[in-house]
A.B. asks: 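Here it is, the structure in full.
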Amino acid sequence: MPALENNPALVAPKRTSPLFSPGTGPDSALVIFVLGGPGAGKGTQCSNIVRDYGFKHLSAGDLLREEQDRPGSEFGDMIKSYIKEGQIVPMEVTIQLLENAMNSEIEKSGNRKFLIDGFPRKMDQATKFEEVVVPSKFTLFFDCTESTMHERLIERGRSSGRADDNEESIKKRFRTFVDTSMPVVEHFEKEGKVVKVDANVDKDAVYEKVKEGFSKRSVPGKE
Ligand code: UDP
Ligand code: MG
């Protein structure tokens, strides 16, 4: 493992105020965090939301896997071992990847609506992101039992090629979710910023609930 604290590339952005203001106007960004245990169905539901509401989908896990595979990345080996162990990669890396992806989407298409999937999974990431990038509108939380998630992950593991869709990694990911990520959901719940959806039912039924939640929170649709 590289000495993280000595790595100059791993210094969190030094800004003391957020890069964007919340919303959809110029200089702003609308961010919805999407959380739920591994296999809860975040990615599947995000595709529906992208199709109907015109959000850009940014999966923190996908961005990390991309960075891991990018030739010349100094973080490749570190990311690989964190993912396999179901641990949370140091937030500086993930926040920077998200910020870059947001900036590049805004530059490319002018779209300022983002679904941030699988992030923040730890309190420090939540606080830092809202401090230096933008405060979230709310968190969409997929509430799912471990047995449902387990079944889905094993099924996905047949074809996903993911290094963490196996029994051993799944166990560790569940543990990290309960110990480290649920406190984030509870934190936002206290702020009244969680839309909670039962994710144990079939995916069309889940999506109906998502749409209800979005309408209550006045999420803007496609332009
Ligand atoms: N990960 C991380 N920080 C994040 C998001 C993901 O370190 O902010 C790592 C973590 O090791 C996690 C893995 O990436 O277990 C896979 O995340 P992904 O969101 O792809 O998993 P999913 O929830 O879709 O099963
Ligand atoms: Mg996912």
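In this chain, numbering begins with 1 at the start of the sequence shown. Since the structure is predicted, the reported quantities are computational estimates derived from the model, not experimental observations. Both counts, for ligands and for their atoms, begin at 1 and track the order of listing.
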A.B. asks: Given that the side chain starts at C-beta and the backbone is N, CA, C, O, which of these parts of Arg156 lies under 4.0 Å from ligand 1, counting heavy atoms, or is it both or neither?
C.D. replies: side chain

A.B. asks: Examine the proximity of ligand 1 to Arg65 and report which part, side chain or backbone, both or neither, has a heavy atom under 4.0 Å away.
C.D. replies: side chain

A.B. asks: Out of Ile83, Ile88, Leu97, whose heavy atom is nearest to atom 13 (C) of ligand 1?
C.D. replies: Ile83

A.B. asks: Under a 4.0 Å N-O cut-off, is there an ion pair linking Lys80 with Asp77?
C.D. replies: no

A.B. asks: In ligand 1, which numbered atoms sit nearer than 4.0 Å to a non-hydrogen atom of Gly118?
C.D. replies: 4 (C), 5 (C), 8 (O)

A.B. asks: Under 3.5 Å, is there a donor on one side chain and an acceptor on the other for Glu151 and Ser147?
C.D. replies: no

A.B. asks: Under 4.0 Å from ligand 1, counting heavy atoms only, is it the side chain of Thr94, its backbone, both or neither?
C.D. replies: side chain

A.B. asks: Does ligand 1 have an atom under 4.0 Å from some heavy atom of Met91?
C.D. replies: no

A.B. asks: Side chains of Gln68 and Ser73: is there a donor and an acceptor less than 3.5 Å apart?
C.D. replies: no

A.B. asks: In terms of residue, atom name and distance, what is the protein heavy atom nearest to atom 2 (C) of ligand 1?
C.D. replies: Leu64 CD1, 3.4 Å

A.B. asks: Do Arg152 and Glu155 meet the salt-bridge criterion of a basic N to acidic O distance under 4.0 Å?
C.D. replies: no

A.B. asks: Which atoms of ligand 1 are found less than 4.0 Å from any heavy atom of Pro38?
C.D. replies: 23 (O), 25 (O)

A.B. asks: So is there a nitrogen or oxygen of Arg173 less than 3.5 Å from a nitrogen or oxygen in ligand 1?
C.D. replies: yes

A.B. asks: Test of understanding: given a 4.0 Å heavy-atom threshold, classify the contact between Asp164 and ligand 1 as side chain, backbone, both, or neither.
C.D. replies: side chain

A.B. asks: Short N/O distance, under 3.5 Å, between Phe119 and ligand 1?
C.D. replies: no

A.B. asks: Counting each atom of ligand 1 from 1 as listed, which ones have a heavy atom of Val89 under 4.0 Å away?
C.D. replies: 2 (C), 7 (O)

A.B. asks: What class does the angle between the rings of Phe129 and Phe119 fall in, given that below 30° is parallel, 30 to 60° is tilted and above 60° is perpendicular?
C.D. replies: perpendicular

A.B. asks: Determine, for Asp179 against Arg175, whether the closest basic-nitrogen to carboxylate-oxygen distance falls under 4.0 angstrom.
C.D. replies: yes

A.B. asks: Not counting sequence neighbours, which residues clear ring-ring contact (aromatic ring centres under 6.0 Å, His included) with Phe20? List them please.
C.D. replies: none

A.B. asks: Tell me, do Thr94 and Met91 make a side-chain contact under 4.5 Å, heavy atoms counted?
C.D. replies: no

A.B. asks: Can you tell whether the side chains of Glu168 and Lys172 come within less than 4.0 Å, N to carboxylate O?
C.D. replies: yes

A.B. asks: Which heavy atom of the protein is the closest neighbour of atom 10 (C) of ligand 1, given with residue, atom name and distance?
C.D. replies: Gln87 O, 3.3 Å

A.B. asks: Parallel under 30°, tilted from 30 to 60°, perpendicular over 60°: which one fits the rings of Phe174 and His150?
C.D. replies: tilted

A.B. asks: Closer than 4.0 Å to some heavy atom of Lys42 - which atoms of ligand 1 meet that?
C.D. replies: 22 (P), 23 (O)

A.B. asks: Please compare Arg152, Arg162, Arg121 and report which has the shortest non-hydrogen distance to atom 12 (C) of ligand 1.
C.D. replies: Arg121

